[in-house]
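Below is one structure, written out as structure tokens; comments come after it.
Lettering of chains follows the sequences in order, A, B, ..., and the numbering in each one begins at 1. Just so we're clear, the structure is a prediction, and the values are computed from it rather than from any experiment.
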There are 2 protein chains.
Amino acid sequence: MISETTQDRTEAGTDTSGGARPSATVGRKRDASRDATILDAAISILAEVGYDGMTMDMVAVRAKAGKATVYRRWATKADMVLEAVARMKREQVDLDNLPDTGSLRDDLLALFRPQPMEETERKLRAMAGMTALLSQHPALADTAHDALVAPWVEANRVLIRRAVDRGEIPPDADIEMVAQVMPSMGAYRTLIRRQPFDRTFLVAMVDGLVLPALGLPCK
Amino acid sequence: MISETTQDRTEAGTDTSGGARPSATVGRKRDASRDATILDAAISILAEVGYDGMTMDMVAVRAKAGKATVYRRWATKADMVLEAVARMKREQVDLDNLPDTGSLRDDLLALFRPQPMEETERKLRAMAGMTALLSQHPALADTAHDALVAPWVEANRVLIRRAVDRGEIPPDADIEMVAQVMPSMGAYRTLIRRQPFDRTFLVAMVDGLVLPALGLPCK
DNA sequence: AAGTTTCGAAACTTAATAGTATCGAATTAA
DNA sequence: TTAATTCGATACTATTAAGTTTCGAAACTT
């Protein structure tokens, strides 16, 4: 079972008072930076061996943390993985700072510029590792999608709309469908085929699929 | 570890002679029909709960078989799942009997006619269940792909080539890429999004993506 | 200084399950 | 008839891993 909320503060030890205690104001403070370290280790291991292949000991060892430190933060393995995935969202595509080169093709390719594609591949693999969890908790499918794929789709949507507005491509295309193509094929290629999501593949998708589907070469 | 070959015949009991014995000619014969029943149970459970969620007891119970009957056929769980997936291949798209309506659109839609799409979805879900196994044995990715997706891609390839030959669509499209679109998006939709692979989605892909990418509406 | 909490480390408990062994009944060949 | 083998069922073993507890040291509040 996945807990409703993340554990915050105590409840451990020989406490018998049962009631929820307010955040402790005394004692050593929690090192917030351990959270990120642990979650990052979790994501890496998730990408490598999947949810069921990942043990809490592996995570603790890689993060150089004790298991108590891990379980003080998340009640269960599933809870931890959930937050790890949710956190990836923040590092994703920066929707407020999209490329704007004047060419749709360049915009689409530039989406992967600052952070190289290894990082995208790592995240896709982490998502692959989560599929096992999705079987047990289908509701998590949305969390994973929102965190990893939705921002990418949204970015494509914006870039395509801009191209329509500036008259670069005809306005009658199914933008919604086209915006999903690259994320879908990227996920499939990484998750199922286990092939690299590299620049060659990216360019092939843009030139062989996305732009033609939008009617570009017919102009 | 995954065994090289499927166990055939004996080696069980109190045999101490070590050497590989030829197929027994005496005693009760193996009921070959149990194989299919067991593998079918395995596929269903795989689709429902994934590889790690599936226990050998579940499979035996659903197939109304004893575990000895299962392990007499396959040495390990992974072996069994492998053969189950390989067997799905034979029930897939009939490449020797593809639709040929004279219209690419109708051909693509007709691919899913005889067997309804629930079956396709079940197979895609079984594949989703296998992703966990792929994390541990990446070599299996090819087996799964060959069994479940490659025939579908090949069918698309053939149908598209025919349309090019008869002049329905221009010959300069990236056929290889386009042929992969529907399987990729179908897999992604089923595996990650956990949304239905229904006729509506199929038509949207064909009309909003595949045909436009091939340059059809510009003719 | 005193009391409380967090830290990493490691020992421990407990539940689940892959795989094995055994059972009595049924099937087959010699 | 007899010996070998398969069948479903079930008990058993061994391993793995989630989650708990304990430890001594460090860090923080009052």
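Between B/Ile45 atom CD1 and C/dT17 atom P the separation is 12 Å, expressed in whole Å. Residue A/Trp74 contributes atom CH2, which lies 14 Å from atom P of D/dG19 at whole-angstrom precision. Spacing between atom CZ of B/Arg62 and atom P of D/dA9 amounts to 15 Å, rounded to whole angstrom units. The CE-C1' distance, from B/Met58 to D/dA9, rounds to 19 Å in whole Å. Distance, B/Lys77 NZ to D/dT15 P: 18 Å, rounded to whole Å. B/Met56 places its CE atom 8 Å from the C1' atom of C/dA18, with the value rounded to the nearest Å. Between the C1' atom of D/dG19 and the OH atom of A/Tyr71 lies a distance of 5 Å, rounded to the nearest Å. Straight-line distance from the CG atom of B/Asp57 to the P atom of C/dT17: 9 Å, rounded to whole Å.
Annotation: salt bridge (charged side-chain N to carboxylate O under 4.0 Å, His left out) contacts involving residues 181-198 of chain B, sequence neighbours excluded, comprise A/Asp142-B/Arg193.
The existence of a salt bridge linking A/Glu118 and A/Arg122 is excluded, since no basic side-chain nitrogen approaches an acidic carboxylate oxygen closer than 4.0 Å. Ion pairing between B/Asp207 and B/Arg105 holds under the 4.0 Å rule for side-chain N and carboxylate O.
Contact annotation: B/Thr55 side-chain N/O to C/dT17 OP1/OP2 distance is not under 4.0 Å. The phosphate of D/dC7 (OP1 or OP2) has a side-chain N or O of B/Arg72 nearer than 4.0 angstrom. Note on A/Arg73: a side-chain N or O is less than 4.0 Å away from OP1 or OP2 of C/dC7.
B/Met80 comes within contact range of no nucleotide atom at all, as no heavy-atom separation falls under 4.0 Å.
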### Message
Walk along nucleotides 24-30 of chain C from 5' to 3' and tag each nucleotide B, S or - by protein heavy-atom contact under 4.0 Å, base first, then sugar-phosphate.
### Response
--BBBS-
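At a threshold of 4.5 Å between non-hydrogen side-chain atoms, the residues B/Tyr188 and A/His145 count as touching. Between B/Met54 and B/Met80 there is a side-chain heavy-atom pair separated by less than 4.5 Å.
Comparing A/Ala68 and A/Met54 along DNA chain D, the residue whose closest nucleotide (by nearest heavy atom) sits nearer the 5' end is A/Met54.
Taking every heavy atom of both residues into account, A/Pro183 and A/Val153 meet most closely at CG-CG2, 3.7 Å.
Here C/dC7 sits opposite D/dG24 as a Watson-Crick or G-U wobble pair (both hydrogen-bonding atom distances under 3.5 Å).
Using a distance-only test at 3.5 Å, with no hydrogens or angles considered, no donor-acceptor pair links the side chain of A/Arg62 to the main chain of A/Asp40.
Applying the 3.5 Å distance criterion, the base of D/dG19 shares a donor-acceptor pair with the side chain of A/Lys67.
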